[in-house]
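Only one structure is covered here, and it is reproduced in the block below.
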Amino acid sequence: MRVRVDRDLAVPVGDGVRLLADHYAPVGVQGAPVILIRSPYGRRGLFGWVYGRGFARRGFQVLIQSCRGGFGSGGSLDPLGDERDDGLATVAWMREQSWYGGSFAMFGPSYLGYTQWAIAAEAGQELKAMATQITASQFRDAAYVGGAFALESALSWTTLTDGLSRRFGGTAPLIAPRLTRKAVLSGRPVAEMDLVTAGRPLRFYQDLIDHHAEPADWWDRRDFSPRVGEVSAAVTMLGGWYDVFLPWQLKDYVAMRAAGRQPYLTIGPWYHVDARHGRPSMRESLAWFRAHLLGDDSGLRADPVRLYVTGAGEWRDYPDWPVPGMSPERWHLHDGFGLGLAEPKLSEPDSFRYHPGHPTPVIGGPVLLADSRPRDQRRLEARRDVLVYSSPALESDVEMIGPVSAEIFVRSSRPYLDVVVRVCDVHPDGRSFNVCEGVRRLTPSPESGDVRKVEVDLWPIGHRFGRDHRIRVHVAAGAYPTIARNPGTGDPLGNGGPMVTNDVEVFHSPEHPSAVVLPRCAPPV
């Protein structure tokens with residue numbers, strides 16, 4: 001099907017600002033449904049070819065718009081801050097165009113998915129469908145994961161968007177991760193790391209730092225999770241087990257289910273910038289749009305949830321998430337660095353010393369602009385500031401599909417502490433691969449100085465631990481540079497003040513039964 005393209009359409013969105021958009025239309029098709037895509041990364045090149053022409057060749061109109069402050073659009077980029085108002089103004093403008101046929105959908109991954117959620121509850125009944133990938137309705141909890149600061153992801157993204165606005169901006173996706181790595185190894189305070197990557201303060205990066213301690217007010221107009229249940233459009237979600245936004249994407253799914261909706265959900269063995277999820281994203285989105293805009297549901301699968309089970313190498317279909325038959329199972333930390341289902345016996349705590357000047361590093365794990373697939377953890381496990389608890393070799397395959405959490409009882413010499421928990425799959429040859437992780441940042445409480453129960457949310461999993469493998473749990477106080485180091489003083493994030501050591505004890509006794517809660521599922525027959 002031939003495609004006609006009208007470029008640089010000026011869309012007024014308020015305050016005299018005009019945003020530029022490109023309109024793709026299948027030749028000879030009148031009033032076709034529109035797919036709206038709003039992007040801070042430009043609207044030409046790959047976006048135009050794959051999304052614009054790709055959908056238009058299949059009978060849809062496509063409107064790809066550059067968000068405020070970039071790629072020809074007016075105003076200044078205030079990431080996340082203007083997407084609701086600008087998006088709703090764009091929908092109002094679109095309805096007035098002669099080519100608009102009365103219904104539309106929205107599409108896009110990551111930030112492009114966030115722009116969908118920003119207007120989804122208010123876009124009206126003409127919004128029939130949404131296809132969102134590796135995204136969520138709010139990015140606050142990903143920026144301050146567990147109350148800590150997601151340093152590497154925040155710095156790399158702000159460096160990327162700054163680089164895109166400069167000459168030779170097309171190289172920014174390659175350069176931003178390298179500059180970020182240089183900055184986090186520079187020894188500079190957190191608040192000065194953007195000077196290393198960009199040569200100047202980056203507004204959004206500084207905003208994230210400034211609002212770390214009290215995020216609520218600043219994030220109110222940037223958080224659309226309270227309205228997810230109000231969205232009447234049909235929603236399909238695609239995510240990855242190693243994606244930075246997965247936990248909050250699944251919260252959006254659960255919120256829609258609680259409101260009586262039936263979204264679709266696909267989770268594959270992908271990370272955020274993984275090119276492998278591009279093809280299934282387009283394939284599933286096309287089937288979704290044909291079903292909900294054109295009335296052709298022949299491309300939809302029978303079950304709404306499709307998961308790739310890592311370790312098994314299998315795709316599975318389920319009627320819901322969490323999957324039916326899942327049972328939370330407590331794997332307790334044991335004396336002698338063991339891990340098992342039995343209740344712990346009376347024992348002394350294990351201990352380590354955390355020094356923020358030499359922070360516990362991280363190997364792999366979900367970050368925004370890097371390959372986040374599992375990696376061998378043995379080098380990390382050899383460190384004295386990481387406690388390692390391992391189960392006996394498994395007598396049969398064990399499948400875990402669902403949310404993961406931990407309850408760790410700790411006592412520390414300083415009330416300011418990060419508790420990092422990681423679950424690994426240990427192969428018979430000794431290789432230890434991370435499966436999921438999480439962190440919780442502690443501040444003074446009435447129990448400070450005594451034993452505290454720390455509840456940690458880890459990334460969800462869909463994984464088979466094979467026969468003769470072992471399940472392993474790490475407990476540490478740092479994961480640098482995924483999260484910023486905790487100086488142990490309570491000083492505001494990024495001020496470059498003093499750092500103090502923290503002596504940490506981890507308990508595993510009948511009175512203080514530290515455990516990781518894993519989602520046990522029966523293997524398929």
Side-chain angles (χ1 to χ4, degrees), residues 13 15 17 19 38-42 66-71 73-87 108-118 134-145 147-166 169 172-173 175-177 179-184 188-225 244-245 248 272-273 367-370 481-484 492-495:
V13 294
D15 298 333
V17 172
L19 308 184
R38 302 191 61 250
S39 167
Y41 307 123
S66 293
C67 292
R68 178 182 293 252
F71 298 91
S73 288
S76 299
L77 176 65
D78 178 14
L80 315 181
D82 294 306
E83 304 311 340
R84 173 190 173 274
D85 293 346
D86 287 355
S110 193
Y111 195 103
L112 286 70
Y114 173 85
T115 65
Q116 297 181 55
W117 287 116
I134 53 170
T135 193
S137 61
Q138 56 94 0
F139 290 167
R140 178 196 62 235
D141 292 341
Y144 309 131
V145 57
F149 180 52
L151 171 61
E152 184 171 5
S153 292
L155 183 60
S156 62
W157 189 81
T158 50
T159 302
L160 168 66
T161 53
D162 176 71
L164 288 172
S165 67
R166 300 188 181 209
I175 295 175
L179 292 173
T180 298
R181 180 61 54 168
K182 177 182 177 182
V184 299
R188 300 282 287 270
V190 169
E192 297 179 8
M193 288 187 181
D194 50 357
L195 301 180
V196 178
T197 63
R200 61 184 178 87
L202 299 176
R203 176 185 171 186
F204 185 56
Y205 179 73
Q206 294 298 323
D207 282 341
L208 292 176
I209 292 173
D210 291 343
H211 297 283
H212 173 250
E214 298 291 340
D217 290 344
W218 188 80
W219 282 94
D220 276 349
R221 64 192 290 256
R222 298 168 171 86
D223 179 0
F224 300 98
S225 59
V244 288
F245 297 126
W248 304 282
H272 194 75
V273 292
V367 291
L368 197 67
L369 300 183
T482 297
I483 60 172
L493 178 68
N495 73 344

Heavy-atom pair of closest approach, residues [X] and [Y]:
X: Arg68; Y: Ser73; answer: CA-CB, 4.3 Å
X: Thr158; Y: Ala154; answer: OG1-O, 2.9 Å
X: Leu493; Y: Ala484; answer: CD1-CB, 4.1 Å
X: Pro189; Y: Gly494; answer: CB-O, 3.8 Å
X: Pro40; Y: Leu112; answer: CD-CD1, 4.0 Å
X: Ala150; Y: Val145; answer: CB-CG1, 4.3 Å

*If we ignore angles and hydrogens, is there a donor and acceptor under 3.5 Å between the side chains of Glu83 and Tyr111?*
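There is such a pair between these side chains.
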*Does the side chain of Thr180 pick up a donor-acceptor pair with the side chain of Ser156 at under 3.5 Å?*
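Result is no, nothing qualifies.
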*What do the steps show when you test Tyr41 against Phe71 for ring-ring contact (aromatic ring centres under 6.0 Å, His included), and what is the final call?*
CA-CA 8 Å; Tyr41 307 123; Phe71 298 91; 8.2 Å; no
*Verify ring-ring contact (aromatic ring centres under 6.0 Å, His included) between Tyr205 and Trp157, making sure each step is shown before the conclusion.*
CA-CA 9 Å; Tyr205 179 73; Trp157 189 81; over 10 Å; no
_Chi angles and distances behind the side chain to side chain donor-acceptor pair (under 3.5 Å) call for Thr197, Thr159_ = CA-CA 6 Å; Thr197 63; Thr159 302; 2.9 Å; yes
What is the distance from atom [atom1] of [X] to atom [atom2] of [Y], rounded to the nearest 0.5 Å?
X: Arg221; Y: Asp85; atom1: CZ; atom2: CG; result: 7.0 Å
X: Leu77; Y: Arg203; atom1: CG; atom2: CZ; result: 8.5 Å
X: Cys67; Y: Asp82; atom1: SG; atom2: CG; result: 9.5 Å
X: Thr482; Y: Leu368; atom1: OG1; atom2: CG; result: 11.5 Å
X: Tyr114; Y: Leu80; atom1: OH; atom2: CG; result: 4.5 Å
X: Ser225; Y: Gln138; atom1: OG; atom2: CD; result: 5.0 Å

*Which residues satisfy the side-chain hydrogen bond (donor to acceptor under 3.5 Å, both in side chains) test with Ser110, sequence neighbours excluded?*
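Partners of Ser110 under the side-chain hydrogen bond (donor to acceptor under 3.5 Å, both in side chains) test: His272.
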May I have the list of side-chain donor-acceptor pairs in residues 208-220 shorter than 3.5 Å, sequence neighbours left out?
| residue | atom | partner | partner atom | Å |
| --- | --- | --- | --- | --- |
| His212 | NE2 | Gly147 | O | 2.9 |

*Which residue, Leu195, Asp194, Asp207, forms the side chain to side chain contact (heavy atoms under 4.5 Å, CB included) with Leu202?*
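With Leu202 as partner, side chain to side chain contact (heavy atoms under 4.5 Å, CB included) holds for just one option, Asp194.
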_Residue pair Arg181 / Glu152, side-chain heavy-atom distance below 4.5 Å_ = yes
